[in-house]
Amino acid sequence: QLQLVESGGGLVQPGGSLRLSCAGSGFTLDHYGIGWFRQAPGKEREGVSCISSIGGSTNYAHSVKGRFTISRDNAKNTVYLQMNSLKPEDTASYYCAADPFTRCWSSDWSSVDFASWGQGTQVTVSS
């Protein structure tokens, strides 16, 4: 059974860093494009970043570009989201999702109906 598990969330001060992990089990993660999404209370879900299955194309929301970096470690079957220079507005629950037909190269990649989702990890940026 395909399963995604996020970890690495927590409480951090503004300007700090966190690295989120998205570990796959029951399937080989590098056959899938992986998206990171976030949702804050009272707000719509937002696509944060995406990495394609082949070629490693990446894409970022404008709000995180230059601060967040998405990467893969296929040996560990894990995708990471390195988050630097965190701001209070980054506070949200973060979810990873997998799909074999992502369009990470496209500006509308987050509109893809990702097939599999993790349970999420909470990120809180506060002093």
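All values below come from the heavy atoms of this structure, side chains included, with hydrogens, waters and symmetry mates left out.
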What donor-acceptor contacts under 3.5 angstrom involve side-chain atoms of residues 53-60, with partners at least two apart or in another chain?
| unit_1 | atom_1 | unit_2 | atom_2 | d |
| --- | --- | --- | --- | --- |
| N59 | ND2 | C104 | O | 3.0 |
| N59 | ND2 | S106 | O | 2.9 |
| Y60 | OH | I70 | N | 2.9 |

Please list every donor-acceptor pair under 3.5 Å in which a side-chain atom of residues 120-127 meets a protein atom from a residue at least two apart or in another chain.
| unit_1 | atom_1 | unit_2 | atom_2 | d |
| --- | --- | --- | --- | --- |
| T121 | OG1 | G9 | N | 3.1 |
| Q122 | OE1 | S93 | OG | 2.9 |
| Q122 | NE2 | A92 | O | 3.4 |
| Q122 | NE2 | T124 | OG1 | 3.4 |

Distance-only donor-acceptor hits, side chain of residues 79-86, under 3.5 Å, sequence neighbours excluded:
| unit_1 | atom_1 | unit_2 | atom_2 | d |
| --- | --- | --- | --- | --- |
| Q82 | NE2 | N84 | OD1 | 2.9 |
| N84 | OD1 | S17 | OG | 2.9 |

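Atom CG of residue L4 and atom OG of residue S21 lie 12.5 Å apart, to the nearest 0.5 angstrom. The distance from atom OG1 of T78 to atom CG of L20, rounded to the nearest 0.5 Å, is 12.5 Å. The line from CG of L29 to SG of C96 is 8.0 Å long, rounded to the nearest 0.5 Å.
Every residue two or more places apart in sequence or in another chain was checked for a salt bridge (Lys or Arg N to Asp or Glu O under 4.0 Å) with R72, and none qualifies. For T69, there are no side chain to side chain donor-acceptor pair (under 3.5 Å) partners at least two apart in sequence or on another chain. Taking the salt bridge (Lys or Arg N to Asp or Glu O under 4.0 Å) definition, one finds that D108 meets it with R103, sequence neighbours left out. A search for side chain to side chain donor-acceptor pair (under 3.5 Å) contacts involving Y32 returns nothing, not counting sequence neighbours. Taking E46 as the reference, R38, S63 meet the side chain to side chain donor-acceptor pair (under 3.5 Å) condition, with sequence neighbours excluded.
Atom CD of Q119 has 12 or fewer heavy atoms from other residues, nucleotides or ligands within 6.0 Å.
When all heavy atoms of I34 and C22 are compared, the pair lying nearest together is CG2-SG, 4.5 Å.
Applying the ring-ring contact (aromatic ring centres under 6.0 Å, His included) test to every pair with at least one member in residues 93-127, sequence neighbours left out, gives these pairs: F37-W109, F37-F114, F37-W117. Annotation: salt bridge (charged side-chain N to carboxylate O under 4.0 Å, His left out) contacts involving residues 59-69, sequence neighbours excluded, comprise R67-D90. Residue pairs meeting the salt bridge (charged side-chain N to carboxylate O under 4.0 Å, His left out) criterion with at least one member in residues 17-26, sequence neighbours excluded, do not occur. Residue pairs meeting the side chain to side chain donor-acceptor pair (under 3.5 Å) criterion with at least one member in residues 4-14, sequence neighbours excluded, do not occur.
Counting only distance, with no hydrogens or angles, the side chain of D99 and the backbone of A115 share a donor-acceptor pair below 3.5 Å.
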